[in-house]
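Worksheet for the structure shown next.
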Number of protein chains: 2
Amino acid sequence: MSDKRRTTLKDIARALNLSPSTVSRALNSYPSLSDETIRQVKEYAEKHNYIPNTLAVNFRKNRTSILGMIVPEIVHHFFSTTISGAIETAKKQGYHVLVAQSGDTLEGEIFACRTMLGLGVDGLLISISNETVEGDHISDFLDEGKPVVQFDKITDHLKTPKVVVDDFDGAYNAVKHLIRQGYRKIAHLSGRMDVKNAHQRFLGYKKALEDHGLEFKDELVKNCIDISEKEGFNFTKELMNSLNPPDAIFCITDLVALGSMKFLQSSGYEIPAQVGLMGFSNWMLSDYTTPSLSSVDQHGDLMGSKATDILIDLIKNQELGKDTTVELKTELVYRDSSLKP
Amino acid sequence: MSDKRRTTLKDIARALNLSPSTVSRALNSYPSLSDETIRQVKEYAEKHNYIPNTLAVNFRKNRTSILGMIVPEIVHHFFSTTISGAIETAKKQGYHVLVAQSGDTLEGEIFACRTMLGLGVDGLLISISNETVEGDHISDFLDEGKPVVQFDKITDHLKTPKVVVDDFDGAYNAVKHLIRQGYRKIAHLSGRMDVKNAHQRFLGYKKALEDHGLEFKDELVKNCIDISEKEGFNFTKELMNSLNPPDAIFCITDLVALGSMKFLQSSGYEIPAQVGLMGFSNWMLSDYTTPSLSSVDQHGDLMGSKATDILIDLIKNQELGKDTTVELKTELVYRDSSLKP
DNA sequence: TTGAAAGCGATACCAA
DNA sequence: TTGGTATCGCTTTCAA
């Protein structure tokens with residue numbers, strides 16, 4: 001193993017006959033220094049390929065420039081998008097992002113919080129697991145003076161800034177779009193009503209119907225438990241085989257919509273002619289199905305980016321932040337599955 | 001902001017009338033210490049909620065327990081899978097993974113390497129960008145005694161351990177499968193021949209034909225430049241409209257296969273009855289197309305996991321590793337698009 | 001405008 | 001078995 005010692009600040013000081021403090025200040029461009037000194041030091045540093053020892057700086061300043069980020073699952077189009085957004089935004093401000101996944105379990109989330117706190121991250125970005133309720137493990141960050149920003153899947157138990165998508169609005173617009181296309185009996189494959197996003201989407205669906213003079217019918221709503229393709233398939237089957245089948249289905253997720261699509265196609269229904277279909281999330285694959293699936297884009301990159309901006313601001317100002325919520329607008333993506341001929 | 005100072009090692013020493021060194025040793029359970037001292041120290045530490053300052057430890061030991069990981073794009077099913085695999089494996093050994101994306105550009109890769117080196121990662125996992133050739137920025141890690149493990153997209157210019165998928169074998173099996181299904185004129189939508197993975201897949205395709213007594217024909221091979229859906233569409237059009245159209249197409253990637261599928265369907269060809277189709281990568285969406293797309297799974301999680309294991313071993317043994325290559329086997333995933341009725 | 005020196009918290013060497 | 005102390009590299013008062 002090669003082991004040439006890196007050039008240190010002291011080396012430069014010795015070589016230039018300056019004190020370490022002066023060199024430090026020069027490298028950080030302190031205004032009080034003479035331009036000549038600064039130039040000289042920087043030139044020498046450059047020439048000798050000086051790389052500051054971040055470990056020492058961090059230690060001294062008691063910070064790491066690392067943001068912790070915890071998501072339920074990394075291998076998930078939406079979350080990988082938020083991660084990408086966070087990383088890029090952090091990069092611009094000289095921060096790094098350390099990612100962990102909770103596996104959507106409380107246990108995994110607690111473990112991730114522990115190790116991140118131990119590592120000394122400067123702040124936390126988190127989208128909580130399905131099992132998280134109180135979130136004491138998250139409060140630990142706040143207790144240590146480290147800000148936390150929640151995004152997408154959030155809990156109101158924690159008084160932190162939050163960034164979410166306006167699910168209500170997104171659902172409302174999706175359903176409004178279906179109505180405008182001429183669909184009249186619109187069903188909703190929903191999620192668990194105790195999950196905030198799902199509930200909001202349900203409310204948006206309901207409101208859109210009411211605002212457009214369509215009757216809300218309980219039997220046209222089915223609640224998925226694990227938001228799976230299979231559930232989409234089965235509930236759609238149930239709906240279509242009922243006495244009063246819908247002419248359009250708004251699904252809580254693209255995956256559910258895919259299940260729905262599979263049932264409809266396997267039973268000979270034509271999409272969008274006979275049945276309109278809308279998903280939510282705008283997964284990559286919605287563009288590649290046949291017919292392509294209309295959906296609601298959640299702008300994950302923007303969400304990750306926004307949450308990161310807020311977090312870095314708090315860190316820089318040494319604040320913990322208020323219990324505020326930023327709601328990002330969704331974007332309707334019209335594709336074939338909802339465009340009635 | 002709460003700002004109670006954390007208990008430090010010195011605090012404990014003072015309180016128990018011991019030297020800092022003894023306390024340090026006690027907390028790390030040095031065998032030379034008396035059990036009594038150890039018990040006493042640990043008890044006090046526990047009671048006063050002592051948390052070692054990781055920053056100080058890292059600084060002193062000159063390590064971070066952080067692995068750098070650079071991939072072309074995070075928002076990509078395969079890479080997010082490798083990331084997930086790396087993170088989970090690192091976790092088991094007490095390491096963290098810091099992810100960056102190069103955006104498939106040399107510039108982005110160099111920047112990522114710089115910041116990671118600056119941060120003081122203990123080692124690097126990298127899947128190089130399309131633009132990377134020499135990779136001096138990667139050698140910088142080796143020069144500092146930090147091991148590097150390449151995975152998936154690799155360069156032989158760098159003498160490091162590598163983990164890749166056996167592309168040749170994967171392609172060979174895919175084509176063999178098509179032949180066994182009864183297809184006889186098998187085309188290949190390939191990639192750039194100067195990209196290793198693409199070249200290997202091409203060779204595997206060719207060999208499979210030869211081994212099964214089928215003639216290799218140049219005009220049945222098309223080279224995609226940016227591996228896009230569009231190229232899949234256009235080249236398939238070209239092939240099918242030629243004098244001697246194929247009865248099956250093996251695509252370098254699922255995305256290309258999707259383009260292919262779209263053209264075939266839009267032109268009324270039946271898959272798999274008239275034309276068989278195979279992708280490569282086993283993207284999430286291959287399961288959701290109609291017909292579902294046969295593909296070759298690259299086991300990204302395993303690749304990330306394996307590369308991480310190798311890297312951590314090297315770090316622990318303070319070695320840089322040899323120029324070896326681990327080839328992981330792919331797995332054929334048979335779906336509808338290649339099962340000739 | 002620059003220097004001297006203390007110190008961040010933990011570790012490890014040399015003594016005792 | 002334990003203590004004393006230098007040290008890691010850098011930043012930051014306080015003084016000059």
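In the text below, chain A, chain B and the rest are named by the order of the sequence lines, each starting its count at 1. Side chains are part of it too, since the values below use all heavy atoms of this structure and drop only hydrogens, waters and symmetry mates.
- Atom pair B:Leu16:CG and D:dG3:P shows a separation of 10 Å (rounding to whole Å applied).
- Near DNA chain D, meaning a heavy atom under 4.0 Å away, the residues from residues 20-45 of chain B are B:Ser21, B:Thr22, B:Arg25, B:Pro31, B:Ser32, B:Leu33, B:Ser34, B:Thr37.
- In this structure, CZ of A:Arg63 is placed 16 Å from P of C:dG9, rounded to the nearest angstrom.
- In this structure, A:Asp11 reaches neither bases nor backbone, as no heavy-atom distance under 4.0 Å exists between it and the strands shown.
- A salt bridge is defined here as a Lys NZ or Arg NE, NH1 or NH2 lying under 4.0 Å from an Asp or Glu carboxylate O, and B:Arg114 with B:Asp140 fails to meet this definition.
- Counting heavy-atom neighbours within 6.0 Å of A:Asp35 CG, excluding the residue itself, gives a total of 12 or less.
- At most 12 non-hydrogen atoms from other residues, nucleotides or ligands lie less than 6.0 angstrom from CD of A:Glu46.
- For the pair B:Arg39 and B:Glu43, the salt-bridge criterion is met [side-chain N within less than 4.0 Å of a carboxylate O].
- For the pair A:Leu9/A:Tyr50, a side-chain contact is recorded, criterion being any heavy-atom separation below 4.5 Å from C-beta on.
- B:Pro161 has its side chain within reach of B:Leu314: a pair of non-hydrogen atoms, C-beta onward, lies under 4.5 Å apart.
- B:Pro147 has its side chain within reach of B:Ile315: a pair of non-hydrogen atoms, C-beta onward, lies under 4.5 Å apart.
- Residues from residues 53-62 of chain B lying near DNA chain D, meaning a heavy-atom separation below 4.0 Å, are B:Phe59, B:Arg60 in numerical order.
- Contact between the side-chain N/O atoms of A:Tyr50 and the OP1/OP2 oxygens of D:dC10 is found at a separation under 4.0 Å.
- A 6.0 Å sphere centred on CD of A:Glu107 holds no more than 12 heavy atoms belonging to other residues, nucleotides or ligands.
- The CG-P distance, from A:Leu9 to C:dG7, rounds to 20 Å in whole Å.
- As rounded to whole Å, 14 Å separates atom P of C:dA4 from atom NZ of A:Lys10.
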